[in-house]
Amino acid sequence: MRLCARCATSIAAAPSVAKLRPCITVVAPSAAPPSPPPSLRRSQRATTAPATPPPTPCPSSQQHLGLPSRLQALSSPPTHDAALSFQHRDSPRRGLIGVLAPADRASAIRSTAPTMRCASGGWGVIAAGLLSILVGAAVADPDLTSKHEKGRCAIRGHCGKQGFFGSELPCSDNGLAETPEAEARKKLVGICGDAWADTDVCCNEEQLEALESNFKRVTPIINACPACKENFFNMFCTFTCSPDQSLFINVTDTFLKDEKTNKYLVTELDHLVSDSYGSGFFDSCKDVKFGATGGKAMDFIGGGAKNYTQFLDFLGEKKFLGSPFQMNFPRPSEDEFPKMTPMDKKFHPCNSTDEKYKCACLDCEGSCASLPEVTEVKQCYVGLLPCLSFAVIIVYSVFLALLCIAVAGHVAYMKHSQSKNERLRLLQDLEPSDDEDEGDIVHNVGMLDRPTKHYFINTWCDRMFSRLGYVCARFPVITISTTVLVVGLMSLGWIRFQVETDPVRLWVAPNSAAAQEKNFFDEQFGPFFRAEQVFLVNDTGTTHGPVLSYEILDWWFGVEDRIRRLKSLDNGVTLDQICFKPIGDDCVVQSITGYFQNDFANVKPKGWEKYLLGCTDNPSSCLPSFQQPLDPHLLFGGVNESILDAQAIIVTWVVNNHPEGTTEIKRAMDWENSMRDQMLVIQQEAHDRGLRLSFNTEVSLEQELNKTTNTDAKIVVISYIIMFLYASLALGSTTLTVRSLLRNPANAFVQSKFMLGIVGILIVLMSVSASVGLFSAAGIKVTLIIAEVIPFLVLAVGVDNIFLIVHEFERVNISHPEGTIPERVARALGRMGPSILLSATTETTAFALGCAVGMPAVRNFAAYAAGAVFINAILQVTMFVAVLALNQQRVESNRADCFPCVKVRRADSSYLNGGMGHGAGEEGGLQKFIRKTYAPAILGKKAKVGIIAVFFGIFTFGVALFPKVELGLDQRIAIPSDSYLIPFFNDLYDYFDAGPPVYFVTKELNVTAREPQKELCGRFSTCRQYGLANVLDAERKRPEVSYLSGSAANWLDDFLFWLNPENVACCVENDKPCFADRNPPWNTTLSGMPEGEEFISWLEKWIEAPTTADCPLGGAAGYSNALVIDEKRLTIPASHFRTSHTPLRSQEDFIAAYAAARRIANEIGKEVDTEVFPYSKFYIFFDQYTSIVRLAGALIGSALAATLLVTTILLGSIQTALVVTLVVGMTVSAIIGSMAVLGVSLNAVSLVNLIICVGISVEFTAHIARAFTFPSRVTMERAPRHRFRGRDARAWTAMVNVASSVISGIMITKILGVFVLAFTRSKIFEIYYFRVWTALVVWASTHSLILLPVLLSLFGGKGYVDPESDGGLEQDLRNRQYPALLGDDEDWDSD
């Protein structure tokens, strides 16, 4: 705050302060004038200098310091510390106590300052008043200080003013010190202490009255620290009254006031202060906190000085509305100041051992106990590599070296063995025996190791699925009708269908600590404010420039006026009806316009820059209409040297929040929608002026997220259409060959399978509908993840199984054309049913494990996905099989696909070849490539070594990249890439130089008792060293660990200091301080402080006391919603202590800040006898990251364990199950490594995807593993002669039998589904689905088609007889010329 000149003059001159009218005005700062040399000089003027023109008079108004706790904390608590240090980088001397300005700018100020704002008393009074302490003297000899000796004065008494509006100046008096009168002595001892009881003095009674008045005004600022207060009083008492004044004061310039009386006014002097006292004085005050704002007292009494020389210079600088004369503080020197001795009285350090002067830890760093170092586990590094990465690379290197050694040894041994055998043969010279040809009796050596045992579970499954297939194919209409009816009944649950969009209920478990803490905070203190925020940035040109100009301010004042007058379209709601109003009827709008009282008429074309600089230096001097200081950090971004070169201005409208579903919240949202539309228009206006405007309203994020969902719904539909087209074409391609199509095009109408494709897609939709209906009926809400992901998931899984069933049925049509359609369907389902059971069981189990997670988004997805996959599998083996039987009847009747009533007479007679038509048994090109080239190539010995080395290398680097996967979900990713919120979030990170607020909340603490008071307080000598306030302040001093930047606003400290009788304007009853006559008196040991019922009584008075300039400690503005008072139980059920985080620029910063706040609260909880927890608005969204890594590990590990268990049971071999589980695990590790490379962070969305990856990876591997365990006898007999036997032969058989189906039915279908996602507008789909699922398709297909057969050939378990291929099938196939599997012997043997 500042004083108008009239007020400053009065305080400096008048002994009585009752008549003063301190007024707040704005004074532009400037650098301090240089101090003159200390040489003595005499200035005698014959005439009085012209009077300074009077400044603009100040209207009266009331000022309140200290924002309501949550308003100040909207983005970060705007402290005086932050505000006043904003421009103090180069020079802290902006004015005495943060309010005085140089005289050379007075005229400019008067011409540019807007209407002054006044208060009923103000800190600005202290500005001129402190140095009025120095201004007393009696009429003395006109000579300057010519004598420097003990017992002699330098100045004494008042001599008058230098100008009508000037302040009283002291008289030059080099006379002897005098003994004061009894009344003056009593007053001196009462002000300065017993040390002045028996000494002569150089001051008179009128000076003592001014000294006492001004000490009363400075006391509320510094009385929290007794040492600082004592040193401050001691210095000015000594300066004013010391009998040895001339030893350390030297008058250097005077002004002749009156020739008749020969009075000389002192206009300049030197004041010698020792370095030890100066530094001790500064150190005792530099950390003292002030009031609810959390600012530093040094910003008020020292202009934000950083050392004691700056502090003293600030105190002595002559300035407009400040010191009436120049007081220099030169460094003591015998040469320059002979016979003078610097003032070197004993000072009291703030950490004094004397309890009388010891300051609390909050105000004195030296009094603080050192906090233990943070022992949280930090990531281990070896050089630049994380330890995990380094370890796995070393292990892989050792493995590779051993592998090379083993291969080299094997090669050497084989060469040696071969050479030895050749020598023995030459020596023996044996003739070939005719008996050697007897080996040809065995057609293939691989058959020597063919399985001979049955696995009872597989046989039982085969029999059950055969029976199921036969029944469904025998009664297709009944089957279809029944399944449709069941799905329809389950879909009735859609009646209770609800979509959960609240992020809090999505990402936080209802019983989690974060959710419970948020509910507690909202119930006790009310919902957090709604904020509408705008960034106006000048970055549209090639270089970024300042955003501020007179023309831009003119336009922006008009913009804010339009927002104030804006009415919502629906209900005509205005800002005034919904905004937050802490005082009176003025809305809180944090904007640069507030410095000018929202009136552009106060912006002068030639002086607005200087005025604005003064306001940002001292926000209390330029209060907006809502009477709260504006923190420049919240208003300007991209500041380099001065706010005038700021690249961005920030404006925030604060709106009241209310519980969800209330009328008030609907009115607020209605106005916000209209503001959004208005801002979109203003964006173009800004663009026309070469600027860029970004904005956000409280409803914007949810609306933009909904846009993402609507956009992605189109992607889902397109994906289904593409999948349908592919499925129809691919399913028909197996029976409709190019040769048959060219020979008779009419075959296409019969052999195509568009109807099967439609039914396959329909079954997927039915399974999703049934799952949603079932779980909606159970009260489980649908989330956006479910709506977006499950259709893709079920589509990918469902189409795969359809391909497998159709392909197997076509084989059976060729091998057993004589059977009836139900028999053929039964045989096909008996063969593929166990494979479908294996994949569906593992996928369902993997997804179902997610139901154990507390996070609703993951838990609900897991339930819906498991249900959809399970229902889809049931429909495939029932409804689809029935449709397949009907389709086969249509084919064998030569009826058209999609139009079964139409018979295609020109088509070939399909019934002659099992409904397959001519040429249908031809081997496809892909299958032939796998049989002749691919499978033999990867199963060669050298190839195996290379494949194992490469894939374990991929696994190693995947695991090595685990530590590089970041945590978090940037909200910019969750909205469409063309959303207007993207620039806003970018600007928020780039230009907003304040951190979010954080509250440390106490629950059910009886603060009316003394011990709990000691646990919470921080500014009293008996406060616990590791109590709440002291721990928070100590943590603030290590922001790199704590992420805290602001001092905590402590309601208990301010309440108890409000009771201090020295704060004469605070607690007053019957015209005197409340605790003036208390016994024991108010003191810093807490002795005698109120307890119990008395505590509650005084507390209720304090919480209603206004925060004024005379008493900034009142609780109404700063703490009205910071505590809950229980009058009946005489306790405090809840209270919070507000501070702020450092600016948080990334997801990593937010996560670390949340973890640090948790740690700090836990440490405080150990000392405070109650529960303490931290709360900030963003914590609820980052709570998941405290456990997401462990959760991901547990879920993936559980899914892999379930895979191992299910495959062991269904395949009958733990060795094969281990191989399958290993391949799935390696696939998932490669995907996680890819996440690090592709910039995909770990969060709830990617965790869901990782669970999906486990399930789909099993699907890639399950069919090959089962074909290996239960090999086809016919195919195995035709393995390349003398090359494969045992596991190699079974691996080759598995690849020939199902690899083509895996490629066409699994890999390609997923590629098509994922490919569509590349065209989404949603960044979250592009990053978390397209990238992850692309990695899934690549790694799952390569691991299953390359690595899996190699590992099975080396480490696979035993095989079993396939029930479907047992018996005399070979002869039957030969008789029916089954070329697809057998072909000519010559062709197969040619391999």
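Atom set for the values below is all heavy atoms of this structure, side chains included, hydrogens, waters and symmetry mates excluded.
- Side chains of M1307 and V1302 form no contact here, defined as non-hydrogen atoms less than 4.5 Å apart.
- In this structure, I457 and I1209 approach most closely via the heavy-atom pair CD1-O, 3.6 Å.
- Within the model, atoms CG of D462 and CZ of R827 stand 9.0 Å from one another, a figure rounded to the nearest 0.5 Å.
- S769 places no side-chain N or O within donor-acceptor distance of the main-chain N or O of L765, the cut-off being under 3.5 Å.
- From L1222, atom CG reaches atom OG1 of T1203 across 12.5 Å, with rounding to the nearest 0.5 Å.
- Checking side-chain atoms of R824 against main-chain N and O of N813 turns up no donor-acceptor pair under 3.5 Å.
- Interatomic distance, OG of S771 versus CD1 of I871, reported as 5.0 Å (0.5 Å rounding).
- With T844 contributing its side chain and T841 its backbone, the two residues share no donor-acceptor pair below 3.5 Å.
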Hey, can you pull the donor-acceptor pairs under 3.5 Å for the side chains in residues 475-489, sequence neighbours left out?
from	atom 1	to	atom 2	distance (Å)
T479	OG1	F475	O	2.8
S481	OG	V477	O	2.8
T482	OG1	I478	O	2.7
T483	OG1	T479	O	3.0
T483	OG1	I480	O	2.9

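- Among L1200, V1258, I1214, the single residue meeting the side-chain contact (heavy atoms from CB on, under 4.5 Å) criterion with T1221 is L1200.
- With a 6.0 Å radius and a threshold of 12 heavy atoms from other residues, nucleotides or ligands, F870 has its CZ atom at or below the threshold.
- Between H1343 and L1348 the shortest side-chain heavy-atom distance does not fall below 4.5 Å.
- Here the side chains of I836 and I805 are in contact, with some heavy-atom distance below 4.5 Å.
- One distance of note links CH2 of W1339 with OG of S1344; it measures 13.0 Å at 0.5 Å rounding.
- Looking only at side-chain heavy atoms (C-beta outward), R1290 and L1352 stay at 4.5 Å or farther from each other.
- Within the 4.5 Å cutoff, no side-chain heavy atoms of F465 are placed close to those of V881.
- Although no hydrogens or angles enter the test, the distance criterion places no donor-acceptor pair under 3.5 Å between the side chain of Y934 and the main chain of M1295.
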Requested in this report: For side chain to side chain contact (heavy atoms under 4.5 Å, CB included), just list the numbers for F880 and L875, CA-CA rounded to whole Å, side-chain angles, deciding distance to a tenth of an Å, and then say yes or no.
Outcome: CA-CA 6 Å; F880 184 77; L875 292 178; over 6 Å; no
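- Considering every non-hydrogen atom in both R831 and S1272, the closest pair reads NH2-CB, 3.7 Å.
- Y1360 places none of its side-chain heavy atoms less than 4.5 Å from the side chain of N458.
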Query raised in the report: Checking side chain to side chain contact (heavy atoms under 4.5 Å, CB included) for the pair M766/L762: CA distance, chi angles, key distance, verdict?
Result: CA-CA 6 Å; M766 290 173 63; L762 183 62; 4.0 Å; yes
**Report entry** Stepwise side chain to side chain contact (heavy atoms under 4.5 Å, CB included) test for E808 and V812
**Finding:** CA-CA 6 Å; E808 184 59 29; V812 174; 4.1 Å; yes
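- Under the 4.5 Å side-chain criterion, counting only non-hydrogen atoms from C-beta, N801 is in contact with E1259.
- The aromatic rings of F861 and F847 sit perpendicular to each other, their planes meeting at more than 60°, with 30° as the lower class boundary.
- Among all heavy-atom pairs drawn from I821 and Q889, the shortest one is CD1-CG, 3.4 Å.
- Contact detail for S1300 and I930: the closest heavy-atom pair is N-CD1, 3.6 Å.
- Between I1264 and L1345, the closest side-chain pair of non-hydrogen atoms falls below 4.5 Å.
- Of the possible donor and acceptor atoms, one in the side chain of S839 sits under 3.5 Å from a partner among the backbone N and O of S835.
- Between the side chain of Y455 and the main chain of T1269, no donor-acceptor pair closer than 3.5 Å is present.
- Here the side chain of S893 pairs no donor or acceptor atom with the backbone of R890 at under 3.5 angstrom.
- Separation of atoms OG1 (T842) and CG (L1204) is listed at 12.0 Å; rounding is to 0.5 Å.
- If you run side-chain contact (heavy atoms from CB on, under 4.5 Å) between T1261 and each of L1347, T1227, V1224, only V1224 comes through.
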Report task. Under the side chain to side chain contact (heavy atoms under 4.5 Å, CB included) rule, what do L1218 and F1355 come out as? Steps first, then yes or no, please. Result -> CA-CA 9 Å; L1218 285 171; F1355 310 108; over 6 Å; no
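- Residue P817 comes nearest to I814 through the heavy atom pair CD-O, 3.2 Å, listed as atom of the first residue, atom of the second, then distance.
- Here the shortest heavy-atom pairing between T1275 and W1292 reads O-CZ3, 3.4 Å.
- Judged purely by atom type and a 3.5 angstrom limit, R463 has no side-chain atom pairing as donor or acceptor with the backbone of G830.
- Separating the CZ atom in F803 from the NE2 atom in H1263 is a distance of 12.5 Å, to the nearest 0.5 Å.
- Every residue two or more places apart in sequence or in another chain that forms a side chain to side chain donor-acceptor pair (under 3.5 Å) with S1301 is listed here: H807.
- For S767 (side chain) and V764 (main-chain N/O), a donor-acceptor pair under 3.5 Å exists by modelled atom type.
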